[in-house]
Amino acid sequence: MQKILLPYDGSANAGRALDWVIGLVNDNVPIELVLVYAHPEPALYGEIAVYVSKDKMEELQREHGDDILQPAIAKLTAAKIPFTSEVLTGDTAQRIVKRAEELNCSGIVMGTRGRSAIGNLVLGSVANKVVHLTKLPVTLVK
């Protein structure tokens, strides 16, 4: 059984990656799925820090992450595919890679915007960074 980490950010690209994984399961490929939403640390400075504590900001970000994951959770539940889900905080690409390694995943499946190689070099992308940071196989779904 393969253990797959699927980063999901609510975008159409992430939705296509989710559909691809669901297709694998429907083709009887045994998968243990870990669905994650990763976001940067909250930036608390100036007036924001006066009105919102670090704990409250983390709670709000956790709730936001849970909201982002809801459509994917609903789709996986409807497809009767077992999974776990998590909200990660920190550098997005680094946290995705670290969590996949911590969980001994056999691979990462994620959506990509499908920019050209030049576009990725100039603008960068989370998918590009994940590919360069991990030793695990990464499947990019356009």
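Count residues from 1 along the sequence. Computed from a predicted structure; not experimentally measured.
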Euclidean distance, N104 CG relative to E102 CD, rounded to 0.5 Å: 9.5 Å
Gap between atom OH of Y37 and atom CD1 of I73 - 0.5 Å precision: 13.0 Å
Closest contact, heavy atoms only, Y8 versus A14: CD1-CB, 3.7 Å
Smallest separation among heavy atoms of G111 and A17, with atom names: N-CB, 3.5 Å
Shortest non-hydrogen separation from G107 to L136 and the atoms involved: CA-CB, 4.5 Å
Side-chain heavy-atom pair H39, L88 within 4.5 angstrom cut-off: no
Heavy-atom check, side chain of V36 versus side chain of L5, under 4.5 Å: yes
Charged N-O contact under 4.0 Å between E59 and R62: no
Distance-minimising heavy-atom pair for A127 and L140: CB-CD2, 3.8 Å
Rounded distance [0.5 Å steps], CD1 in I96 versus SG in C105: 11.5 Å
Distance-minimising heavy-atom pair for P7 and V109: CD-O, 3.2 Å
Student check: side-chain heavy atoms of L18 and L6 closer than 4.5 Å: yes
CG-CG distance between L133 and N128, expressed to the nearest 0.5 angstrom: 9.5 Å
Partner set under side chain to side chain donor-acceptor pair (under 3.5 Å) for K75, not counting sequence neighbours: D19
Spacing of OG belonging to S85 relative to CG belonging to L76, to within rounding of 0.5 Å: 9.0 Å
Euclidean distance, E63 CD relative to I68 CD1, rounded to 0.5 Å: 13.0 Å
Listed partners of R95 passing side chain to side chain donor-acceptor pair (under 3.5 Å), at least two apart: none
Side-chain (K3) to main-chain (L103) donor-acceptor, under 3.5 angstrom: yes
Polar side-chain atom of D9 near backbone of S11 as donor-acceptor pair, under 3.5 Å: yes
